[in-house]
Chemist: 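The structure is given below, and queries will be raised subsequently.
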Amino acid sequence: MKPIIRTEATRDFHQAKWNEPIIFELHQEGEKGVEVPLANEEVVSTIGDGVSTIPASMSRKNRPNLPEIGQARVLRHYLRLSQETLGSDFNVEIGQGTCTMKYIPKINELLIRNPKMMDLHPLQEESTVQGMLEIIHNLDLCMREISGMGAFSFQPGGGTQALFAMASIVRKYHETRGEGDQRDEIITTIFSHPSQAATAVVKGYKVITLHPDENGFPDIEKLKGVVSERTAGFVVANPEDTGIFNSKIKEFTKIVHEAGGICYYDQANANGLLGITRAKEAGFDMCFFNLHKTFAAPHMCGGPATGALGVTEALKEYLPGPIVEYDGVKYSLNDNLQHSIGKVRAFHGVAQTILRSYAWIRALGPDGLREVAQTAVLNNNYLYHKVQKIRGASAPYVKGQRLEQVRYSWEQMASETGITTEDVQRRMTDFGLHYWTSHHPYIVPQPFTLEPTESYSKTDLDEYINALQQISDEAYNNPEIVKNAPYNSTIHQLVEEDYLDNPEKWCITWRMYQKKVLKPVLIK
Amino acid sequence: MKPIIRTEATRDFHQAKWNEPIIFELHQEGEKGVEVPLANEEVVSTIGDGVSTIPASMSRKNRPNLPEIGQARVLRHYLRLSQETLGSDFNVEIGQGTCTMKYIPKINELLIRNPKMMDLHPLQEESTVQGMLEIIHNLDLCMREISGMGAFSFQPGGGTQALFAMASIVRKYHETRGEGDQRDEIITTIFSHPSQAATAVVKGYKVITLHPDENGFPDIEKLKGVVSERTAGFVVANPEDTGIFNSKIKEFTKIVHEAGGICYYDQANANGLLGITRAKEAGFDMCFFNLHKTFAAPHMCGGPATGALGVTEALKEYLPGPIVEYDGVKYSLNDNLQHSIGKVRAFHGVAQTILRSYAWIRALGPDGLREVAQTAVLNNNYLYHKVQKIRGASAPYVKGQRLEQVRYSWEQMASETGITTEDVQRRMTDFGLHYWTSHHPYIVPQPFTLEPTESYSKTDLDEYINALQQISDEAYNNPEIVKNAPYNSTIHQLVEEDYLDNPEKWCITWRMYQKKVLKPVLIK
Amino acid sequence: MTKKVHPYIPNMVPKVKEEMLKVIGVENSMELYSCIPEELQLQEEMNIPKALTEYELRRHIEGLLKKNISTNDYINFLGAGCWQHFVPAVCDEINQRSEFLTAYAGEPYEDHGRFQSLFEYQSLLAELVDMDVVNVPTFDWGQAAATSIRMAARINGRKKVLIAATVAPERTKIIANYGSPELEFSNIAFDLDTGLMDLDDLKSKISNEVAAIYFENPSYLGFIESQGNEISVIAKEHDVLLVVGVDPISLGVLAPPSHYGADIVCGDLQPLGMHMNYSGGQAGFIATRDEETFINEFPSRLFGIVPTIKEGEYGFGDVAYERTSFAQREKGKESVGTQTALWGITAGVYLSLLGPEGMYELGQTIMQNSQYTVKKLNKIAGIQGSRIVSPFFKEFIVDFNDTGISVQTINEMLLEKKIFGGKDLSKEFPEYGQCALFCVTEVHTKEDMDCLIEALEDIVTK
Amino acid sequence: MTKKVHPYIPNMVPKVKEEMLKVIGVENSMELYSCIPEELQLQEEMNIPKALTEYELRRHIEGLLKKNISTNDYINFLGAGCWQHFVPAVCDEINQRSEFLTAYAGEPYEDHGRFQSLFEYQSLLAELVDMDVVNVPTFDWGQAAATSIRMAARINGRKKVLIAATVAPERTKIIANYGSPELEFSNIAFDLDTGLMDLDDLKSKISNEVAAIYFENPSYLGFIESQGNEISVIAKEHDVLLVVGVDPISLGVLAPPSHYGADIVCGDLQPLGMHMNYSGGQAGFIATRDEETFINEFPSRLFGIVPTIKEGEYGFGDVAYERTSFAQREKGKESVGTQTALWGITAGVYLSLLGPEGMYELGQTIMQNSQYTVKKLNKIAGIQGSRIVSPFFKEFIVDFNDTGISVQTINEMLLEKKIFGGKDLSKEFPEYGQCALFCVTEVHTKEDMDCLIEALEDIVTK
Ligand SMILES: Cc1ncc(COP(=O)(O)O)c(C=O)c1O
Ligand SMILES: Cc1ncc(COP(=O)(O)O)c(C=O)c1O
């Protein structure tokens, strides 16, 4: 036998492709996916059909037009669709920078499926959920250590909602002090998640956006120029999307505090900072962590998730309630917070995610958390070093000083070959890899953002780098390959027309597709 | 938008392909997949290193040469391999005739993961496993109804082991009556699972194999010719692999009984017979059901499984022990069976499978079981009708009379086009479908065996038929397509050399591959 | 002793680490932090317990969880925004699939399955609510209602909002929080005995400044608001948009709000295949007609279907992406982020499994069971099975005033009998005195219900 | 009333059924049974309870399972052939994958993943036992031992087999059953105090008619048989093949039998990642050298690696398929069928996770814990922690003779204290009187062990 030698630098990959119809196309009248429980015979004989009590105006006239499909076929359909989805468990998921796609420990998934967790009702008597409350409280204690904050709420259902909750606290705080109307501006930066600005507006604020200086740092002079008695709050991430750590962060918070504003910290991604530096020392009044990023809760196609919201002792009374407290004997829910903003999400938030993150922290311990941060930074700097060597790629702004991620640019390659970052994105799929450009607006031209986290080995990183290298080679030598990608994905290129933006054409549901596309054809 | 119309009769499919290295190639010295629990400090200080008590001769000198790989990479590897495996959940799995690949209800998989099942030790006090014993007993009662037998053991770990257990009972029975030496022949048929003959030989019997008559029935005249005072037993399935029901089965058992032999029934696959006809009425002394076939336990890449072994009241004392008994108050294990053959498998067999099958029966009820049988037969006859219309395909032997499966032949196509059943097999993978030829020897030339079970819809069956039709078309019009298949599978054709049969070349393990293939190359 | 390489951190391997540091050109990994001023560097060790191995972790967490008593251990009659329903096993199988569990925000190419299943979810729920447009799920009912109301206000440019006083207080809080400072809320009174909206009060408050009316059906208090058409007529007279919150599991038997004039429909997906998870199963939806003015106000993602360059193949993408905050930051519509996509997929699986008949039968079973319970409760001296006389769906207010025992005491006694009693309403709705909101669904067997009856008989007569 | 279409049986839909019957050309589906004589057709309805819906089924089964008390509820010291070990979560994730769960006997093309993972399992276990060849898993240790012995007998054409008297009685029964009528078994005596094989007895029984010697290490009684080399030398003198059964979880610290001359090694995979499952986790393995005479005697499947026509790609297939009963029916080697492939894959995952260090550390933890327990037991008056003086691995015989209390009574009292005591040996090994086989592994925390000690102190002094 000739030895099997794999010389290809990139993976010989093909994604599963099942060409599954839309679920409605599987309809077969009379089939059934599951039998629901029917009322006991005695119940029926006592009560009758149950539905005739419904007032005529409220009785549904015909059955909803759902498909009828046998159980095996429903299962097969969704299983096939699952194989057509590139979860982070399956690839070297470092191309979705800012999202902290780290390893999701399987033990945690097993723990959350415990009926003692899954089958708890949020209004149960405190005495019957002591274990759950203890977990929440323990996570709170850990989070306080990690951030230096004084209390946490796990109610927000993601980073965006945590940002919203913080903006709400900013408002409530100033209102409480009689400055609610006067302070109507929130300052943010352009290299931040769009939700920072967006949630401030939801809360009625005017948004002031700082642009970076030529080195990529938020511009301290500009900040000084915009703070005033109208400043309600300042929200920033550090590092921002560029991965550059702003070493003057404490000066920033000082300036804002001096103007009477609240400083709140977007630590959705704090992966390079665990045990290294904290919100408190940097002068923040509040911060949040995305448990589904730094703290290893899975992303689940986009939630449910948790934005763990921490505040200083002084702001504790503003938190959404209830929060968990412990008197040394018993855990309880405190819903009597004097200035509480009320609620942002039903009941207690996403308990599974709370449990997962607590489990993750306990699996690492304090040393492990520091190792997470250091390795994430090591991995990122390794990538940073290598990616810059790829023809056509660069990392704008200051040299070095990148922590857990970097925003790169294909500007040069695009201008030399016409291959854009979107082309690269499609081509990466052919190697079984995920690649994301960046948030809009593209301040960095032709951007892409890589964040390797601590979860990937050097071999994994090299695989990713090789794929980028190969695409660069293709772009310079045979750009059509890249232009026409993907080839090994579940589907080919979408037709570039206005199907998604033209109200005449867009189809958000199958019934719209039937009305707009199928019916006209059938009539003809 | 042009409506999306899928006109292809076959599926536009590609299997996931990850080109994963062999796990050893992922080795990175120092990485770790999981941290095992270490002894408590006090334990260590009390005991020391623990291992120095090992006598020098018994101490392992160097660590086993296992790879070192981080947890995420191990997981990714096996997840990718799973996607490269075509489980029955993913395809119209009707091409593996005789194997009864039916729908595996997800509820059952959920039930067996209950810690009250998963974490039971087989030697626990009876009082602590009453629920488990009740399940076993209930399944026994159901099985008695389905078969007419008097008692069941669920100890055998599959059909083959059930056949072995039955051969053991045959021997023990005759030994008990002083005819152990005299009766040294077991009669079987050629259209049966190889294990019927093979297990009889393990048990020291001479095997006599009956061939079918021209209509495909086991030849009753031949049976009469071979029974004698040497006949220990007769084992047969009905239908056999051909799917043809032998309506004279009762005469067969009568003939054997008259010669003093025991009749045992291979009902591995009884899917067409549930509630329709039973072992008892056909005159059998014993039978077995594969719970992983008819009774909806999954096949799990080939076990663990259960061959549920039923015997008449008269043979109960021969069963392997213990069996579960119920006195109206309490369930208990009876290991005092007078003539017990001893054991065939550790403890009580595969409890998960027992639970699954019990759950399946309870989900169907007596009417549902009959529907299973009738629908399996309906589906099979529909296929039978359609497949015979495909050019080059036929179903040898008597017309009609097929119950749950049919053995077909591509003899005509092979002679006309050179395309063999093995070629068809490879090509079917390109459509995301599984296809199996048949057991050896190929009495029916160029065979394939389809068994649609009750689980597949007409649409599913049509998809399978269309794929066969298309391959037939290709064979007649462009046979190279079929010859060179597969194209859309995880891998391409294996190199046809003696890698698997030449002792110089075969590599059953990675270390053999290294010695035989890699090392010589490296030395060069 | 050398540090142990953690199973989650492969590059802790010293040799590899060194190699990488060499490539980077630094001596040790702390150098990479030189950009962090010393005063910001944490000096002390965090007060977090030492690492546990996987097995220790499991013992630890399972030990904590054992302290809980779940609705699997006791019979549960709590609802009030999170409900115990039958979850088909296939739902769990799908949402536990590693691919779905760990995907995030991939592109149409590598995440075709995610896009398709969410498109299908949108389409399935659209049939249930009988409207054309459904979004990718949002956080929960409360936030979906808040956004629905904000959407209405943006559409007609008005600021006043009328909210039925029977709306769940928790949701009212969320709505208020999302609405302030822009919107101005007032309550619409209701009739204590019927629960129905006081149409006179509505008429007195409605005007051309009102952006939206919001009510829920079935209401938080369980009864069915049968005046949908009347409310709608009043709303239309003032060009007010009608926003209705709905429990989707009722829609096999109850008319969807679109049938009585709702412009925007919202609700919670939790009943459709999600375990309660101590409130981790909530997920919000918003549905509207296929009108540009509506679609352009959605903050959430909306997946649409697109053909690919290959005949017979299709893909998906974001409809009207430009309206989102992803595209426009503060100029986008509200904000979008990680919400509850996996629950959308799960709800899609659920609806695919149940189909039209299943949804009908389920609604029927629920109504039969809940009516049975009320009927039996009525037989207990001092207890009124349902304080509100209107028809109800799965929840109802049990009136304990005449027993002379407080709900709190009753619930404590029920707990002793391994029953979670209904939610005490005495704080939220003091006008009802000692009443509790009970929830009965298809998960309750006759034995479960009889057990409650017996327990209450016992408590009341003792 | 029309029959309900069952969710598992799509073609029960009347319209579809009719269409299909029409294609077939019969009136109703019972006609298709016309080949079954009436006297064979079952007339009465089977006495099986009516169908349950999924939810009812779940309540029913969970209700039954609640009657069990598991090793998760009580502290367990039972072993004796089925052992409680730490199961990494990744093992469960992989063996629950729908693809692996529902695959069966596919071809190298569509089941590449199954082939590769089983090839890898073979390769990983080969390293653990330090032998070249490992098969696709068989039923369990007992059957693997039986087949190993039969293989040996076929290789040297002899019929007598010597078996250590310390082999597990259950396994002896299986071996005897698979061996009869062809093979002739005799026991080799052992020393009661050391457990070690009586070499004099061995010498007196061995001859050139003996096919194989079989013993286990660690033995059923827990002790380590340290005379492997001596036994091997004696065996070789008579060209007898040495078959050794082994608990693979011990092989991080104990020498594998190949190091002391074993020709065939067998054992059970259950400790390597399988939950106990009331004995559903057992799976057998057989390992040999890469010699044609050995390989050709395997009844089981052996997957081998093969290149494909594409450079850099490989596949797998069955090595020496012709020897199997699949190929040759009664002329094949014994019989092959569905065995325990999924546990092979799982054991492969387990070994990949633990690696060499993990296997070592695990062995060490087990030995430390078990020695700790024995040491503490020794302090209890009347109890001898280990009746056998030889070193042991995870199991040991606790001697209660001097307490005057029977093992049965002790176990009953332990049960009251929520402890599953060791296996009562008084029937299997009456020579030891009132002794029990205890098992201590890495799953036992110090608290667990101390709890046992305290409980026994309590029992004995009371
Ligand atoms: C820095 C930053 N802030 C905020 C968010 C928003 O978090 P979420 O997606 O949970 O709403 C993210 C997540 O992408 C983020 O990376
Ligand atoms: C008719 C028949 N008998 C026996 C067997 C053997 O069963 P198992 O594979 O469980 O050993 C099978 C399974 O393929 C079968 O179909």
Side-chain angles (χ1 to χ4, degrees), chain A residues 1-6 8 11-19 21-22 25-26 28 31 34-35 69-73 75-76 79-80 83 87 89-92 102-107 113-115 363 432 455-460 488 490 495 497 499 505 507 513 516-518 520-522, chain B residues 1-6 8 11-19 21-22 25-26 28 31 34-35 69-73 75-76 79-80 83 87 89-92 102-107 113-115 363 432 455-460 488 490 495 497 499 505 507 513 516-518 520-522:
Chain A
M1 198 184 319
K2 224 170 58 173
I4 295 151
I5 288 169
R6 278 178 286 274
E8 297 289 324
R11 189 172 292 273
D12 184 3
F13 166 79
H14 202 296
Q15 192 170 25
K17 174 191 180 70
W18 288 99
N19 203 23
I22 298 293
E25 299 178 78
L26 300 176
Q28 169 60 61
E31 285 188 12
V34 74
E35 204 65 72
I69 315 169
Q71 185 167 125
R73 189 63 186 94
L75 178 70
R76 198 191 311 152
L79 286 175
R80 286 173 171 180
Q83 283 194 348
D89 270 355
F90 287 79
N91 82 114
V92 179
K102 62 171 59 183
Y103 175 55
I104 307 301
K106 283 296 159 195
I107 177 66
R113 284 175 220 153
N114 191 314
S455 302
Y456 294 95
S457 70
K458 179 173 170 300
T459 310
D460 292 334
N488 307 330
T490 302
V495 171
E497 261 178 63
Y499 293 115
K505 295 190 188 170
C507 297
Y513 173 80
K516 291 185 179 173
V517 183
L518 277 187
V521 174
L522 293 178
Chain B
M1 196 183 319
K2 224 169 58 173
I4 295 151
I5 288 168
R6 278 178 286 274
E8 296 288 325
R11 188 172 292 273
D12 185 4
F13 166 80
H14 202 296
Q15 193 169 23
K17 174 191 180 71
W18 289 99
N19 203 22
I22 299 292
E25 299 177 77
L26 300 176
Q28 169 61 58
E31 286 187 12
V34 75
E35 206 64 73
I69 315 171
Q71 187 167 124
R73 189 64 186 93
L75 178 71
R76 197 191 311 152
L79 286 175
R80 286 172 170 183
Q83 283 194 348
D89 270 356
F90 286 79
N91 83 113
V92 179
K102 61 171 60 185
Y103 174 55
I104 308 301
K106 282 296 159 197
I107 177 66
R113 285 175 220 154
N114 190 314
S455 302
Y456 294 94
S457 71
K458 178 174 170 298
T459 311
D460 292 334
N488 306 332
T490 302
V495 171
E497 260 181 61
Y499 292 115
K505 296 192 189 170
C507 296
Y513 173 80
K516 291 183 180 176
V517 182
L518 277 187
V521 173
L522 294 177

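Naming convention: chains lettered A, B, ... in sequence-line order (proteins, then strands); numbering from 1 in each chain. Note that the structure is predicted; figures quoted are calculated from it, not measured.
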Chemist: Can you tell me how far the OG1 atom of A/T459 sits from the CD atom of B/E25, to the nearest 0.5 Å?
Modeler: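 It is 12.0 Å, given to the nearest 0.5 Å.
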Chemist: Let me confirm one number: the CG-CZ distance from A/N91 to B/R76, rounded to the nearest 0.5 Å.
Modeler: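 The distance works out to 7.5 Å.
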Chemist: Select, from A/R80, A/R73, A/K102, the one with the greatest count of heavy-atom pairs under 4.5 Å involving chain B.
Modeler: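 Answer, by heavy-atom pair count under 4.5 Å with chain B: A/R80.
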Chemist: State the CD-NZ distance between B/Q28 and A/K458, to the nearest 0.5 angstrom.
Modeler: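 The distance works out to 8.5 Å.
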Chemist: If I measure from the heavy atoms of chain A, does B/D460 come under 4.5 Å with its side chain, its backbone, both, or neither?
Modeler: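 The side chain, not the backbone.
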Chemist: Measuring heavy-atom distances to chain A, does B/R11 have an atom under 4.5 Å in its side chain, in its backbone, in both, or in neither?
Modeler: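 Interface part for B/R11: side chain.
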Chemist: Quick check: closest heavy atoms across A/K106 and B/L75, and the distance to 0.1 Å?
Modeler: CE-CD2, 3.7 Å
Chemist: Contact part of B/Q15 toward chain A, heavy-atom cut-off under 4.5 Å: side chain, backbone, both or neither?
Modeler: backbone
Chemist: Distance from B/L79 atom CG to A/Q83 atom CD, nearest 0.5 Å?
Modeler: 11.0 Å
Chemist: Could you state the interatomic distance from NZ (B/K17) to CG (A/N488), rounded to the nearest 0.5 Å?
Modeler: 10.0 Å
Chemist: Where on B/E31 is there a heavy atom nearer than 4.5 Å to chain A: the side chain, the backbone, both, or neither?
Modeler: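 Only the side chain of B/E31 comes within 4.5 Å of chain A.
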Chemist: Compare every heavy atom of B/A72 with every heavy atom of A/Y103, then report the nearest pair and how far apart it is.
Modeler: CD1-CB, 3.4 Å
